[in-house]
Amino acid sequence: MTESARKVAEETEHRLDDLAENVRHRFDRLTEGRFSDQIKAGRFSGRGDQGATDSPRAGRGAGQVRSDTHRRERGGSR
């Protein structure tokens, strides 16, 4: 690899490292408190016992329920 190509590769690597660090900081700032509090409260435990048990959303994500509904409306199998 030529010296100029190596230099460009190193600069790109540093820029990507900086970008990854910025993304981590922003994610931490956005989820600070809220996300960790939800995890501690058992929100993502997958038990599905949060709320009414006859709810069609119990234990499943809202996106999955929407997908199932859409599939049924289109004549799918679920």
Side-chain angles (χ1 to χ4, degrees):
M1 184 181 285
T2 65
E3 186 62 34
S4 62
R6 183 176 295 136
K7 192 173 196 176
V8 169
E10 286 177 3
E11 288 175 10
T12 303
E13 184 178 358
H14 289 302
R15 289 162 79 194
L16 288 173
D17 287 341
D18 291 343
L19 177 64
E21 187 65 26
N22 286 337
V23 169
R24 276 192 289 274
H25 283 293
R26 286 182 183 193
F27 180 80
D28 289 344
R29 206 172 46 216
L30 286 173
T31 60
E32 186 175 306
R34 293 179 288 184
F35 190 67
S36 61
D37 290 343
Q38 289 178 0
I39 290 172
K40 289 175 187 171
R43 167 115 185 202
F44 301 106
S45 66
R47 291 179 286 151
D49 57 0
Q50 317 293 330
T53 56
D54 59 344
S55 170
R57 294 176 60 177
R60 302 173 75 190
Q64 181 67 39
V65 171
R66 279 193 294 274
S67 295
D68 292 348
T69 303
H70 180 74
R71 193 174 299 115
R72 276 193 300 274
E73 290 171 355
R74 301 281 184 217
S77 62
R78 257 190 178 180

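These figures come from a predicted structure and were not determined experimentally. Just the heavy atoms: all of them, side chains too, but no hydrogens, waters or symmetry mates, feed the values below. Residues take their numbers from the sequence shown, with the count starting at 1.
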Rounding to 0.5 Å, atoms CD (Glu11) and CG (Leu16) come to a distance of 12.0 Å
(request) Flag the pair Arg6 and Glu3 as a salt bridge only when some basic side-chain nitrogen lies within less than 4.0 angstrom of an acidic carboxylate oxygen. (result) yes
OG1 of Thr12 to CG of Asp17, rounded to nearest 0.5 Å, is 11.0 Å
query = Are more than 12 heavy atoms from other residues, nucleotides or ligands located less than 6.0 Å from atom CD of Glu21?
reply = yes
